[in-house]
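I have placed the structure first, in the form of structure tokens, so that the comments after it can refer back to it.
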Number of protein chains: 2
Amino acid sequence: MTCSPAHLAEQIRAKGFRLTPQRMAIFNVLHESGGHLVRTEIYERVQALAPVLTEPTVYRTLDFLVENELVRVTHAGNGRLEYELARHRHHHLHCSACGAELEIAHEQMQKIFAHLELSTGYRLTENHITLMGLCPHCQEIGD
Amino acid sequence: MTCSPAHLAEQIRAKGFRLTPQRMAIFNVLHESGGHLVRTEIYERVQALAPVLTEPTVYRTLDFLVENELVRVTHAGNGRLEYELARHRHHHLHCSACGAELEIAHEQMQKIFAHLELSTGYRLTENHITLMGLCPHCQEIGD
DNA sequence: TTTTTTATTGCAATAAGTTACAATAAGAAA
DNA sequence: TTTCTTATTGTAACTTATTGCAATAAAAAA
Ligand SMILES: [Mn+2]
Ligand SMILES: [Mn+2]
Ligand SMILES: [Zn+2]
Ligand SMILES: [Zn+2]
């Protein structure tokens with residue numbers, strides 16, 4: 001698998017960074033959770049484990065992991081930043097009424113991204129976006 | 001114009017809310033600025049004017065204006081929330097190297113949004129997104 | 001105008017996030 | 001293994017953001 005603790009160690013060392021218990025702990029929390037977590041959740045879960053981490057370390061480590069493309073961050077609704085292991089590229093559709101989440105394959109977005117690159121000259125980087133909407137169920141209730 | 005202080009007053013009263021000096025001040029700051037502002041900027045600018053506002057009021061008022069679709073918020077890079085008056089729908093392309101901003105017409109996104117609505121059954125609401133990338137100039141430097 | 005209602009604001013306490021810098025420890029070198 | 005270098009962490013102070021509740025004032029009613 002391309003998201004194991006072993007992979008983390010390899011990637012970090014390959015770039016000349018140091019493999020610390022703090023980095024491993026945060027990575028493991030994301031690995032075990034599977035899904036998206038906000039920073040406070042990550043801090044709490046990592047606290048539950050042994051060698052206590054401080055907030056600055058959690059925040060800096062998350063930035064570090066994102067920069068090195070081991071973790072991905074998405075802007076969920078209302079300014080929430082959510083983190084998850086960087087596996088396959090995808091995006092999200094979030095129901096603002098009930099909170100349901102639907103994953104969107106990156107291929108579905110790829111076409112519009114390519115079109116934008118052509119028309120603007122920009123080169124798009126790692127975008128992991130969350131679109132807001134109403135799921136079919138909440139649409140019925142709404143009107 | 002659909003974004004004047006008069007329009008604000010009309011919209012707020014029509015929905016049975018109260019037109020307060022605080023709401024007007026915040027609206028005016030956004031109106032005069034024209035572009036995107038983060039919350040601390042809005043707080044500072046509104047402080048420069050007369051009847052001092054508190055932070056909670058600024059934050060609550062921005063939420064209020066967004067809910068009532070008088071103001072729009074976008075997730076700029078790294079968790080920054082930026083606010084602007086709700087005029088025509090559009091999106092942004094942001095150069096992560098030099099900070100350049102390019103506006104994307106909503107029509108360019110409309111097609112993919114419509115396609116997603118069809119394939120998922122979700123109804124997409126007011127999305128105002130910022131995609132990250134490298135502008136043509138920064139691409140040259142980069143490699 | 002004066003009174004009444006209650007949406008909205010300010011206050012005070014708290015939580016979340018950031019920064020600068022000294023202390024620590026991971027990994028390289030001896 | 002021991003020493004050395006410096007990337008990384010913790011500490012402490014600070015800034016930004018959120019929350020509950022009492023005080024205020026906008027707008028309706030009298
Ligand atoms: Mn995701
Ligand atoms: Mn905009
Ligand atoms: Zn729903
Ligand atoms: Zn650029």
Taking [atom1] from [X] and [atom2] from [N], how many angstroms apart are they, rounded to a whole number?
{"X": "B:E55", "N": "C:dT14", "atom1": "CD", "atom2": "P", "answer": "17 Å"}
{"X": "A:M24", "N": "D:dT8", "atom1": "CE", "atom2": "P", "answer": "15 Å"}
{"X": "B:N78", "N": "C:dG17", "atom1": "CG", "atom2": "C1'", "answer": "11 Å"}
{"X": "A:E41", "N": "C:dA16", "atom1": "CD", "atom2": "C1'", "answer": "14 Å"}
{"X": "B:L81", "N": "D:dT18", "atom1": "CG", "atom2": "C1'", "answer": "14 Å"}
{"X": "A:I12", "N": "C:dA26", "atom1": "CD1", "atom2": "P", "answer": "13 Å"}
{"X": "A:L65", "N": "D:dT8", "atom1": "CG", "atom2": "P", "answer": "11 Å"}
{"X": "A:R80", "N": "D:dT18", "atom1": "CZ", "atom2": "P", "answer": "12 Å"}

May I ask you to check whether B:Y83 and B:H128 place their ring centers less than 6.0 Å from one another?
-> no
What about A:H94 and B:Y122, are their ring centers closer than 6.0 Å?
-> no
Mapping A:E44 and A:P56 onto DNA chain C by nearest heavy atom, which one lands closer to the 5' end?
-> A:E44
Toward the 5' end of DNA chain C, by each residue's nearest nucleotide, B:G16 or A:T20 | B:G16
Nearest-nucleotide pick for [X], side chain only, options being [options]:
{"X": "A:R18", "options": "C:dA26, C:dC11, C:dT18", "value": "C:dA26"}
{"X": "A:Y59", "options": "C:dA12, C:dT18, D:dA27", "value": "C:dT18"}
{"X": "B:Q22", "options": "D:dT9, C:dG10, D:dT16", "value": "C:dG10"}
{"X": "A:P21", "options": "C:dA26, C:dT8, D:dT18", "value": "C:dA26"}

Measure the shortest side-chain to side-chain distance between A:I26 and A:V29 over non-hydrogen atoms and say whether it is less than 4.5 angstrom.
-> no
Verify ring-ring contact (aromatic ring centres under 6.0 Å, His included) between A:F64 and A:F17, making sure each step is shown before the conclusion.
-> CA-CA 10 Å; A:F64 168 85; A:F17 297 117; 5.1 Å; yes
For A:R39 and C:dA16, is the shortest distance between a side-chain N/O and OP1 or OP2 below 4.0 Å?
-> no
D:dT16 phosphate, OP1 or OP2, under 4.0 Å from B:T40 side-chain N/O = no
How would you label the contact of B:R60 with the nucleic acid (heavy atoms, under 4.0 Å): base, sugar-phosphate, or nothing?
-> base
So what does A:F64 touch, heavy atoms closer than 4.0 Å: a base, only the sugar-phosphate, or nothing?
-> nothing
Look at the aromatic rings of A:H75 and B:H75 and report parallel, tilted or perpendicular, splitting at 30° and 60°.
-> tilted
